[in-house]
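Below: one structure, written as structure tokens.
Within every chain, numbering begins at 1; the chains are lettered A, B, ... in the order of the sequence lines, protein sequences first and strands thereafter.
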2 protein chains.
Amino acid sequence: MPAAHEIEVVIVEDDGEIRRLLTLIIDGSPGFSCKRAFSECESAMESIEKDPPDVVLMDIGLPGISGIEGVRSLKDRVAGTDFIMLTIQEDDQSIFDSICAGATGYLLKDTPPADLLAAIKEVYEGGSPMTASIARRVVSSFKKNVENPLTKRENEILARLCDGENYRDIAGALFISGDTVRAHIKNIYRKLQVSSRAEAVKKALKDGLI
Amino acid sequence: MPAAHEIEVVIVEDDGEIRRLLTLIIDGSPGFSCKRAFSECESAMESIEKDPPDVVLMDIGLPGISGIEGVRSLKDRVAGTDFIMLTIQEDDQSIFDSICAGATGYLLKDTPPADLLAAIKEVYEGGSPMTASIARRVVSSFKKNVENPLTKRENEILARLCDGENYRDIAGALFISGDTVRAHIKNIYRKLQVSSRAEAVKKALKDGLI
DNA sequence: CCAAAATTACCGCATATGGGCAATTGAATT
DNA sequence: AATTCAATTGCCCATATGCGGTAATTTTGG
């Protein structure tokens, strides 16, 4: 009965059938161990915090505290534990909410047993298993898809606007008059279709203009 | 000589040896075709834009225009083409610059031929192949690791600050006086360690406070 | 080469903003 | 029960900001 090198897994899944099945697959495979399985988040969270496993398979659609909320509050307290979300179908919002909450992997419930075990092993070894289409969505979300309508000078000023510099300081740094800075900023606002510094900063950051 | 279902690949790689090797591997494999290989970005970009292939293997460390720059300017013009970056070693900055530029995959140059072909096939089918550790880094970058120091009221006001609402409108929406709004904002600034709306917006967006 | 856009600059004005000071309430801790 | 601290509310003032208008010079693109 080896224990040292087994990957300890905890399952949180409300469907009793699926929970039993997952437990059997994992606990029955060499190198893996699953002695704890929960049907809801509350008791699972208590147990996980008390005795952190290596990996948690977390259902997204749980009654009560959702799996995403569970990950959010647990992730900071059990830093060494990785979370793999389980879901029926891919849903953009759930995916991003999950990874923002701290989930490391994202799998569909109908993932074949062999792939499931491979995914658990992969997170344990520092990877982030996910389906091909989810990976693409995650990567695509980084892409700056708005082409920058501003000139070089305007971008320079926008960057300083975002840092909270006032007109006078910007003027001093760029060796132009404060009024010229204002003129540029008017043009920036017009091109970004905003009418205040706050909105400009928001747009600049969201669209990756700086 | 089948053409319809072959994945057409273009290689941009300055090392002649590696370029030849990659070309041989790809063009010699059924289902893949590589008739164009370049040693630098300039001519590659011209050719790729004129006749867009399915996939481009792009070296990151190119003389002249870098591979990242190449992807950045090409990606918007040849929407149907996917880019896989090739690199000697994993480097956080290069990885994120690449995916922000529009690269879909990210592989090490010592990737075995079989894995290379699998990766090309994967991007062609809508995935985003990358090494396990890169996937982890990409996913980790989403994690909100700053816990929110603001009260409910302050968060509500911060959200409106980010939308560029002025004090009076915020006051009206929350049924409090403008002066109270200002007081809250002062506390928000103190907690976020900023001293202007622009900086607060930037911090809120960067740290995922809203 | 010419037209359009970018960059520079100035004026005036109404309002928004940030900083300092202070009081009350409510929750938490001692 | 006493006390402390955070949250909420409020006011005054100097300055920053946004907006409207005008205009000269330089750069860019067709």
* Structure fact -> Contact check, residues 158-182 of chain A vs DNA chain D, heavy-atom distance under 4.0 Å, returns Asn166(A), Tyr167(A), Arg168(A), Arg182(A)
Indicate whether OP1 or OP2 belonging to [N] is found under 4.0 Å from a side-chain N or O atom of [X].
X: His184(B); N: dA7(D); answer: no
X: Arg153(B); N: dA7(D); answer: no
X: Thr151(B); N: dT8(D); answer: yes

Whole-Å distance separating the [atom1] atom of [X] from the [atom2] atom of [N]:
X: Tyr189(A); N: dG20(D); atom1: OH; atom2: C1'; answer: 16 Å
X: Arg190(A); N: dT7(C); atom1: CZ; atom2: C1'; answer: 13 Å
X: Ile157(A); N: dT17(D); atom1: CD1; atom2: C1'; answer: 15 Å
X: Ile185(A); N: dT7(C); atom1: CD1; atom2: C1'; answer: 14 Å
X: Ile188(A); N: dC19(D); atom1: CD1; atom2: P; answer: 13 Å

* Asked: Under the side-chain hydrogen bond (donor to acceptor under 3.5 Å, both in side chains) criterion, do Glu40(A) and Ser43(A) qualify, and how do the steps go?
  -> CA-CA 7 Å; Glu40(A) 35 67 48; Ser43(A) 51; 2.4 Å; yes
Charged N to carboxylate O under 4.0 angstrom, [X] versus [Y]?
X: Arg160(A); Y: Glu165(A); answer: yes
X: Lys35(B); Y: Glu8(B); answer: no
X: Asp82(B); Y: Lys75(B); answer: yes

* Asked: What nucleic acid atoms does Lys152(B) come within less than 4.0 Å of, heavy atoms only: base, sugar-phosphate, or nothing?
  ->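 Nothing, no heavy atom under 4.0 Å.
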* Using the benzene-type ring in the case of Trp, are the ring centres of Phe142(B) and Phe142(A) under 6.0 Å apart? -> yes
* **Test item: side-chain donor near acceptor, Glu90(A) and Thr131(A), under 3.5 Å** => yes
* **Contact check, side chains of Glu69(A) and Cys41(A), non-hydrogen atoms, under 4.5 Å** =>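 Contact flag for Glu69(A)/Cys41(A) side chains = no.
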* 5'-most by nearest nucleotide on DNA chain D - Ser196(A) or Asn187(B) ->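 The 5'-side residue here is Asn187(B).
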* To do: Please confirm whether any donor atom in the side chain of Lys186(A) sits under 3.5 Å from an acceptor in the base of dG20(D), or the reverse.
  => yes
